[in-house]
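Here is the naming used below: chain letters follow the sequence lines, and residue numbers restart at 1 for every chain.
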Amino acid sequence: MNNSDFEPRIVVFACNWCSYAGADTAGVSRLQHSPKFRVIRTMCSGRVNSVHILKAFEMGADGVLVSGCHIGDCHYMFGNHWAIKQFDVTRDLLNMLGLEEARTRLEWVSAAEGPKWASLIDEFVTTIQQLGPSPLRGESTEESFGDREIDMEVNG
Amino acid sequence: MANTELKGAMRCLDCGKCTSACPVARFNLVLSPRRLIRQLGCGVDAGCGDALWSCLTCGRCDAVCPQEVPITAAMPLLRADVRAEGGKPPFTRCGAMESVATIQSQGPVPQNRLEWLTDDLRTDPESKTLLFIGCTPYFDKFFVEHDVDTLAAVKGAIRILNAMGIEPAVLADERCCGHDALWSGDEKTFSDLAHLNLEMFAKAAPDLIVTVCPECSLTLGRTYPERFEAPGCPVKHITEVVSEHYEELEFTARELTVTFQDPCRLGRHQDLYVEPREGLEMIPDLELREMPRNRAAAVCCAGSWLTCNQASKKIQSDRLAEAEATGAELMVTACPKCLIHFRCSQSGVGEEPGIEIRDFADLLAESLQ
Ligand code: FES
């Protein structure tokens with residue numbers, strides 16, 4: 001399945017205060033990096049819980065990267081500590097479902113770290129490119145991926 | 001709306017026994033089974049909103065209905081209709097557990113679901129007795145902060161079967177049975193999961209399927225045969241297996257006072273009231289004290305992935321208090337979901353009755369001679 005016309009579908013969750021700004025820094029500094037990812041801005045990495053990552057894979061993502069502020073720098077103090085806990089649970093669930101560990105990653109990128117962002121993205125895209133399509137993709141197609149509306153109300 | 005399938009609604013006498021029996025209606029003003037059934041019987045579009053998702057489908061209404069109106073059975077149909085029209089269930093945790101099942105339904109991906117299996121638990125891939133693990137490995141990961149050990153029931157069941165001279169098969173490519181998908185009105189995920197499981201059963205060709213979860217035994221043992229005329233072998237909950245094989249099992253005496261929580265899927269849905277009690281009483285010196293609301297009148301754990309609100313919490317704390325009032329040291333249940341939901345309700349600020357909750361198979365295995 002590992003061919004050159006494989007277009008990986010990569011979802012990146014980036015926190016508003018550091019990583020999203022870091023992505024911006026990479027952009028305004030005109031650092032060349034792969035465009036093959038879709039960023040979803042969250043207020044904090046701690047907002048990204050199991051369901052966001054699971055839904056991404058359910059809908060056909062090939063890789064999911066969660067990025068937040070460095071430990072100690074979270075705008076909400078401990079959000080990224082919470083992110084680690086939730087990420088570990090999610091990764092265990094995904095491992096049980098048969099997904100390779102390298103398809104999910106949790107990283108810290110500050111607003112100033114444009115170069116780090118660019119190299120992280122390149123590295124992650126290459127990893128996913130090498131792994132090929134996710135085994136959990138199901139019948140999802142390029143059209144259905146990203147088109148499907150998801151409605152995640154917060155309940156109980 | 002699914003009025004055609006609900007002809008039984010016409011039989012309703014409007015007596016209101018169902019609403020009196022409904023544990024949810026006591027605390028949640030939107031749900032009234034009587035109103036719901038009357039609306040359906042009158043052909044009123046009972047779009048039902050929250051009422052539809054608040055129902056626990058625990059069957060307490062069915063148990064008292066003098067006209068045998070299939071109230072609980074109407075729920076998945078009504079929910080499927082609402083979903084077909086674009087309605088979404090208000091899933092707890094934004095639907096993360098639902099997503100785990102949906103991912104499993106999407107294709108044959110090898111899972112890593114047997115990592116907990118240790119050498120002292122004897123299993124045999126060739127065995128004609130298949131132990132269906134269900135979602136327990138996922139539950140224990142997912143509810144890690146509630147310190148839930150639902151796999152203890154599975155390990156217990158293996159030990160019990162081993163003591164009977166059976167080394168059961170456990171399969172790595174097992175899927176969720178589809179119970180929650182079905183009851184929340186998601187027909188597609190349910191039948192995709194069922195077909196993957198049935199393919200697996202066809203290969204393994206078991207003579208008997210044993211489960212520790214009454215939702216699994218209900219789904220595999222009743223719903224699959226009704227819908228797909230398969231798996232074609234008996235499906236039994238571990239409580240049934242134990243009570244049938246009492247002569248082969250020896251237990252150490254234990255001075256324990258326990259009470260039994262009848263899971264709704266085990267009791268009202270499958271009529272297994274006697275078996276778990278017989279099983280518990282096989283432990284010499286164990287004293288079983290009944291809660292006032294037991295057997296068909298038992299109140300369920302109020303858990304579903306569809307709603308979790310003040311009504312659920314109230315039902316749970318009342319039930320825990322009822323269990324504690326019996327003077328029992330342990331509340332024994334025979335369903336992983338009961339364990340999860342009661343533990344969850346105990347995990348707050350410590351004001352809930354803290355009675356210890358154990359699974360039937362776990363307790364019995366621990367008491368084996
Ligand atoms: S705000 Fe960036 S991790 Fe919390």
Side-chain angles (χ1 to χ4, degrees), chain A residues 1 9 11 13 40 42 46-62 64 81-104 131-141 144-145 148-156, chain B residues 50 53-54 83 86-116 133 135-146 172-176 188-189 192 302-313 341 344:
Chain A
M1 288 279 264
R9 304 169 193 164
V11 178
F13 293 100
I40 297 176
T42 59
R47 177 64 185 93
V48 183
N49 58 30
S50 301
V51 75
H52 302 107
I53 303 178
L54 287 165
K55 278 278 170 202
F57 284 109
E58 177 192 320
M59 291 166 69
D62 301 307
V64 174
H81 292 255
W82 182 227
I84 297 174
K85 277 197 179 178
Q86 299 186 97
F87 187 80
D88 287 349
V89 168
T90 314
R91 191 174 248 190
D92 282 350
L93 291 172
L94 286 165
N95 167 43
M96 217 176 259
L97 284 164
L99 193 78
E100 305 92 324
E101 193 162 312
R103 291 190 189 269
T104 48
L131 283 169
S134 157
L136 308 182
R137 249 188 188 205
E139 282 153 24
S140 131
T141 61
S144 67
F145 180 69
R148 214 176 97 189
E149 192 187 317
I150 42 170
D151 168 2
M152 267 184 234
E153 283 170 47
V154 179
N155 291 293
Chain B
D50 281 350
W53 307 113
S54 307
R83 290 178 81 145
K88 296 248 166 65
F91 283 118
T92 57
R93 298 178 184 240
C94 310
M97 280 314 296
E98 184 232 7
S99 193
V100 167
T102 311
I103 291 175
Q104 289 181 41
S105 76
Q106 290 185 163
V109 182
Q111 301 171 71
N112 301 306
R113 45 155 49 235
L114 297 177
E115 279 168 0
W116 48 271
I133 309 300
C135 295
T136 49
Y138 289 98
F139 289 159
D140 286 3
K141 294 282 183 213
F142 196 70
F143 296 100
V144 65
E145 78 271 31
H146 295 314
D173 46 359
E174 188 190 282
R175 313 272 135 182
C176 162
K188 180 175 184 319
T189 304
D192 288 352
S304 90
W305 312 142
L306 295 174
T307 28
C308 179
N309 53 27
Q310 61 275 51
S312 341
K313 293 298 154 199
H341 296 299
C344 171

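Panel note: side chain Asp62(A), backbone Arg9(A); a donor-acceptor pair is recorded below 3.5 Å.
For the atom pair NE2 (His52(A)) and CD (Gln86(A)), the distance works out to 9.0 Å, reported to the nearest 0.5 Å.
Here Gln111(B) is the residue among Glu145(B), Gln111(B), Gln104(B) with the most heavy-atom pairs under 4.5 Å with chain A. Ranked by non-hydrogen atom pairs under 4.5 Å with chain B, the options Leu97(A), Leu54(A), Leu136(A) are led by Leu97(A). The greatest number of non-hydrogen atom pairs below 4.5 Å with chain A, out of Gly107(B), Ala96(B), Gly95(B), Ser105(B), is found for Ala96(B). The choice from Asp88(A), Val89(A), Ile53(A) that makes the most heavy-atom pairs within less than 4.5 Å of chain B is Val89(A).
Contacts of Pro110(B) with chain A are made by backbone atoms alone, with heavy-atom separations under 4.5 Å and no side-chain atom involved. For a residue to count as touching a neighbouring chain, one of its non-hydrogen atoms must lie under 4.5 Å from one of that chain's; by this rule Glu115(B) touches chain A with the side chain only. In this structure, chain A has a heavy atom under 4.5 Å from the side chain of Val144(B), while its backbone stays farther away.
Note: His341(B) and Trp305(B) have tilted aromatic rings, judged against thresholds of 30 and 60 degrees for the angle between ring planes.
Every residue meeting the side chain to side chain contact (heavy atoms under 4.5 Å, CB included) condition with Glu100(A), not counting sequence neighbours, appears here in chain and number order: Arg103(A), Leu131(A), Pro135(A).
Counted by atom type alone, Asn309(B) and Ser312(B) present one or more donor-acceptor pairs between their side chains at under 3.5 Å.
The side-chain heavy atoms of Lys313(B) and Cys344(B), taken from C-beta on, include a pair separated by under 4.5 Å.
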